[in-house]
Amino acid sequence: MKPFALLVVSLFCSFPLFCQRGAPFVLVNKQKQATIVLSKNEAAGVHLAAVDLVADIQKITNKRLRIQEHPKAKSNHVYIQTRPDSSKREVYQIKVKNGDLYITGSDELGTIFGIYHFAEHYLRVDPMYFWNDREPESKAVLAWKSIAVQSKKTTFRYRGWFINDEDLLTEWYESTGKRQIDYPFYQQVLAPEIIKKVCETALRMRFNLIIPASFVDIRNPAEAELVEIASKRGLFVSMHHVEPMGVSAFTFFNYWKEKTGEKPMFSYFSNREKVEEVWRVYAQEWAKYPKVIWQIGLRGIGDRPMWLADPNTPQTDADRGKLISEAMSFQMDLIRSVDKRPSPPVTTTLWAEGSTLNQAGHLNIPEKVIIVFADNSPGWRWQADFFQTKRLPYNDYGVYYHHQLWGSGPHLVPIVEPAKTQKVISQAVEKGDTTYCIMNVSNIREFALGIAASAQMLQDFKYFNLEKFNQQWFGNHYGTQAKAVQELYQTYFDAFVVSDQTGTPILMDGQTNGLAAGILRELKLQINNPSAYQAALQKKNQETEESKWIKSSIGDMLSGNLSNSALLQKVQQQKRSFLKADSLAQIVLPALSLKQQAFFQTDFLASLKIILGLQIWLENTLLAKIAADEHRLTEVLVPLQAALEAFTLIKAGQGLKTKGTKWQHWYRGDKKMNLLQKEALVLETLKLLN
């Protein structure tokens, strides 16, 4: 062979694509298509992932591969198989051998993740295709000379999604499932076809755990179906921290209403036997699922402390901590009696008062329980007990992280940038708190960038590179304009002003919504009944048990004690930054392809218009209130009219999100922010001036 030819062969053999021994693998070409070989004994989750793989290939090639139990003569094959290995967890290998493709997992989830890894990295299927409408490109041929993938152990053992505050999801699609719940939210159960897509997406991104809804009552068949769907897909399933043992206050009330017709006080102090009875019943129901992760603790009504509804509960923190500790001890004994696994996973989430009581040393958490620390701001930093709690050898540790947090926000728009997430997750990794990470993702669609970054961090934090991630994510979505769009997203994230005291954001969408609504209600009363307004002002400054709890446990969610004038300056500062981002967006938009423009509008521009509209609403509400406080009532009307006009911009943002038949009802379930109600509140206030 001539020297030049030897050089060419040598160069090619530096790349596995050209030099793997044996025949190349052809999945689909013009002459043939491979057959998927899958044993009927494989777990249901593996079969469902294989069906997704068939659908992916059909989208790309318009060819539908067959799934059968045995190889087919004269055909290439995709062998999907689980080879149990007790020393490995969720590990998979993908390789080509003698012209066939082998996807092999060490357990059910390993095989599932192997299938989805192949779909993402070789078929180029976006794991979030359902939520961002980015289908894979069409191709006539799918063939590779080499495929060789060996996965590694993940950084976090349990990596989960918490579908929480899911008002948009629950009413997006009609569902026949209803809830019996004395609460203005969650009246409708998430439609089965949507929870299936939620679970599929989580698995495609290599999450292995889901809390499928808020306030699940597993004795309601429609709600139990959510858990069943997730479990069938191979996911671990768990519970909201407000429903230890699967029992929220609403579940408790439903149980006793059905059994006796009564509504006893939901209190472990005053009604211990009644609470324990419900825990026993629900423990039996949850224990039917082979991969349940139990939640223990003690919470009250509507994600509040139990003692707010029971004034008889001891008032000292030490006694309250003792009460929670007694509940956890009972719950652990109950779990051991119903769950026959040698060591079933159990968590307790130190959210709100759980965090402050733990920090003060008032909680006695049972051995082997996974102690879960929470952030509180959201995604900006951990609560104090994360840093101050001594890690004990007989407990494992994990974290609860918010991409979404109703009340303050984010909710309708993203606010936490990947750099923030990386910083706080790095602290969890440094502490060794990597047994568990649950991420509050709410309605999912609003947080595409953050979820994608988090998925990679939880899988392999050591090798996560933020710069590389941004290059890939923005490159995949925006091509040649990736750098310009990335800078634009950063301008948006940098726009959020922070508290001078806490360093956390004070004008997120939920905070803005709450501030503007509160000011409008005051203004309405001030105009309509000045004497009642003065009485309300005096009462407003009185500290209640709940206000003390909010201040001590979730104070970072508040906007601080700024005067209206000082708050106005912050609002106008944030508004100016958003206007700058909007100007830059108009320059970038024409340079994008039509497909890129569609994603840019739904993922970025929609959020920008919504948050900008919220700022303009609050700005003008403040101007009207300041004028009223200074007895310039003739100057109240104009800013209130401008506040009303701000909803036109908000609706324009929502309009970008609701393009197409699929998304037309996306905001039908907006009951958390409830912007239609807030617009009506402005109108009601305006009418008082006419």
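We number each residue from 1, following the sequence as shown.
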Using the rule given for side chain to side chain contact (heavy atoms under 4.5 Å, CB included), can you reason through Arg157 versus Phe236, listing the C-alpha separation, both sets of side-chain angles and the distance that settles it, and then say yes or no? CA-CA 11 Å; Arg157 167 67 180 98; Phe236 290 92; 3.8 Å; yes
Just do the side chain to side chain contact (heavy atoms under 4.5 Å, CB included) check on Val399 and Lys431 with the steps written out, would you? CA-CA 11 Å; Val399 290; Lys431 289 279 190 181; over 6 Å; no
Could you give me the CA-CA distance, side-chain angles and deciding distance for Leu458 and Met439, then say whether side chain to side chain contact (heavy atoms under 4.5 Å, CB included) is met? CA-CA 10 Å; Leu458 301 192; Met439 294 199 151; 4.2 Å; yes
In sequence, state the C-alpha distance, the side-chain angles, and the governing distance for Lys232 and Glu228, and then conclude on side chain to side chain contact (heavy atoms under 4.5 Å, CB included). CA-CA 6 Å; Lys232 188 176 181 180; Glu228 289 164 5; over 6 Å; no
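Residues Val227 and Trp286 have side chains in contact (heavy-atom distance under 4.5 Å, counting atoms from C-beta outward). The closest side-chain heavy-atom distance from Cys199 to Ile210 is below 4.5 Å. Ile296 has its side chain within reach of Met245: a pair of non-hydrogen atoms, C-beta onward, lies under 4.5 Å apart. In this structure the side chain of Phe447 never reaches within 4.5 angstrom of the side chain of Val416, judged on heavy atoms. Within the 4.5 Å cutoff, side-chain heavy atoms of Pro345 are placed close to those of Tyr158. The side-chain heavy atoms of His411 and Ser442, taken from C-beta on, include a pair separated by under 4.5 Å. The shortest distance between side-chain heavy atoms of Leu53 and Leu123 falls below 4.5 Å. Residues Arg219 and Tyr282 form a side-chain contact, since some pair of their non-hydrogen atoms from C-beta on lies under 4.5 Å apart.
The six-membered or imidazole ring of Phe250 lies away from that of Tyr186, with a centre-to-centre distance of 6.0 Å or more. Taking the six-membered ring where the residue is Trp, the centroids of Tyr268 and Trp279 are separated by under 6.0 Å. Between Phe207 and Trp161, a ring centre-to-centre spacing shorter than 6.0 Å is recorded. In this structure, the ring of His402 has its center less than 6.0 angstrom from the ring center of Trp351.
Summarising the local packing, CZ of Arg272 is surrounded by more than 12 heavy atoms from other residues, nucleotides or ligands at distances under 6.0 Å. Atom NZ of Lys662 sits in a crowded spot, with more than 12 heavy atoms from other residues, nucleotides or ligands closer than 6.0 Å. In the displayed structure, Asp182 atom CG is contacted under 6.0 Å by at most 12 heavy atoms of other residues, nucleotides or ligands.
To the nearest 0.5 Å, atom CD of residue Gln93 and atom NZ of residue Lys88 are 8.0 Å apart. The distance from atom CG of Leu203 to atom CG of Leu235, rounded to the nearest 0.5 Å, is 4.0 Å. To the nearest 0.5 Å, the span separating OG1 on Thr201 from CD1 on Ile451 amounts to 9.0 Å. A distance of 11.5 Å separates CZ of Phe386 from OG of Ser355, quoted to the nearest 0.5 Å. Between atom CD1 of residue Ile80 and atom OG of residue Ser39 there is a gap of 11.5 Å, rounded to the nearest 0.5 Å. Note that CD of Glu225 is 13.0 Å distant from OG of Ser231, once rounded to the nearest 0.5 Å.
Under the rule for a salt bridge (charged side-chain N to carboxylate O under 4.0 Å, His left out), Lys178 has no partner lying at least two apart in sequence or in another chain. The side-chain contact (heavy atoms from CB on, under 4.5 Å) search around Arg64 returns Val54, Gln58, not counting sequence neighbours. Checked against salt bridge (charged side-chain N to carboxylate O under 4.0 Å, His left out), Glu69 has no partners two or more places apart in sequence or in another chain. For Lys322, there are no salt bridge (charged side-chain N to carboxylate O under 4.0 Å, His left out) partners two or more places apart in sequence or in a different chain. Partners of Glu223 according to the side-chain contact (heavy atoms from CB on, under 4.5 Å) rule, which considers only residues two or more places apart in sequence or in another chain, are Arg179, Val189, Val216, Asp217, Asn220. In this structure, the side-chain contact (heavy atoms from CB on, under 4.5 Å) partners of Gln180, at least two apart in sequence or on a different chain, are Asn254.
Between Phe215 and His240, the angle of the ring planes lies from 30° to 60°, which puts this pair in the tilted group. Ring geometry, Trp172 versus Trp131: the interplanar angle falls from 30° to 60°, so the pair is classed tilted.
A salt bridge links Arg204 with Glu200; the closest basic N to acidic carboxylate O contact falls under 4.0 Å. Between Lys420 and Asp375 no salt bridge is recorded (no basic side-chain N to carboxylate O distance below 4.0 Å).
Across all their heavy atoms, Gly114 and Ile94 have their closest contact at O-CD1, 3.4 Å. Residues Pro344 and Arg341 share a closest heavy-atom pair of CD-O, 3.3 Å. When all heavy atoms are compared, the tightest approach of Leu350 to Gln383 is O-NE2, 3.4 Å. Across all non-hydrogen atoms, the minimal contact from Val78 to Ile103 is CG1-CD1, 4.3 Å.
No donor-acceptor distance shorter than 3.5 angstrom exists from the side chain of Asn164 to the backbone of Ser214, with no hydrogens or angles considered. The backbone N or O of Thr349 lies less than 3.5 Å from a partner atom in the side chain of Gln295, making a donor-acceptor pair. Side-chain atoms of Asn443 come within 3.5 Å of backbone atoms of Leu169 as a donor-acceptor pair (strictly under, hydrogens ignored). Using a distance-only test at 3.5 Å, with no hydrogens or angles considered, a donor-acceptor pair links the side chain of Ser238 to the main chain of Ile293. Between the side chain of Trp382 and the backbone N or O of Val424, at least one donor-acceptor pair lies under 3.5 Å. Although no hydrogens or angles enter the test, the distance criterion places a donor-acceptor pair under 3.5 Å between the side chain of Asn395 and the main chain of Pro366. No donor-acceptor distance shorter than 3.5 angstrom exists from the side chain of Glu166 to the backbone of Phe162, with no hydrogens or angles considered. In this structure a side-chain-to-backbone donor-acceptor pair under 3.5 Å is present from Gln459 to Ala455. In this structure a side-chain-to-backbone donor-acceptor pair under 3.5 Å is missing from Ser329 to Ser325. Checked by atom type and distance alone, the side chain of Thr347 pairs as donor or acceptor with a backbone atom of Trp294 at under 3.5 Å.
Both tests pass for Arg445 against the ring of Trp663: distance under 6.0 Å to the centre and angle within 45° of the axis. A cation-pi contact, defined as under 6.0 Å to the ring centre and within 45° of the axis, is absent between Lys196 and Phe130. Taking the ring centre of Phe185 as origin, the terminal cationic atom of Lys672 falls inside the region bounded by 6.0 Å and 45° from the ring axis.
Residues Thr82 and Glu42 have side chains that bring a donor and an acceptor to within less than 3.5 angstrom of each other.
Screening Phe118, Tyr79, Tyr92 for a ring pair (Phe, Tyr, Trp, His ring centres under 6.0 Å) involving Tyr102 leaves a single residue, Tyr79. Shown are Lys153, Lys152, Arg159; of these, the salt bridge (Lys or Arg N to Asp or Glu O under 4.0 Å) with Glu90 is made only by Arg159.
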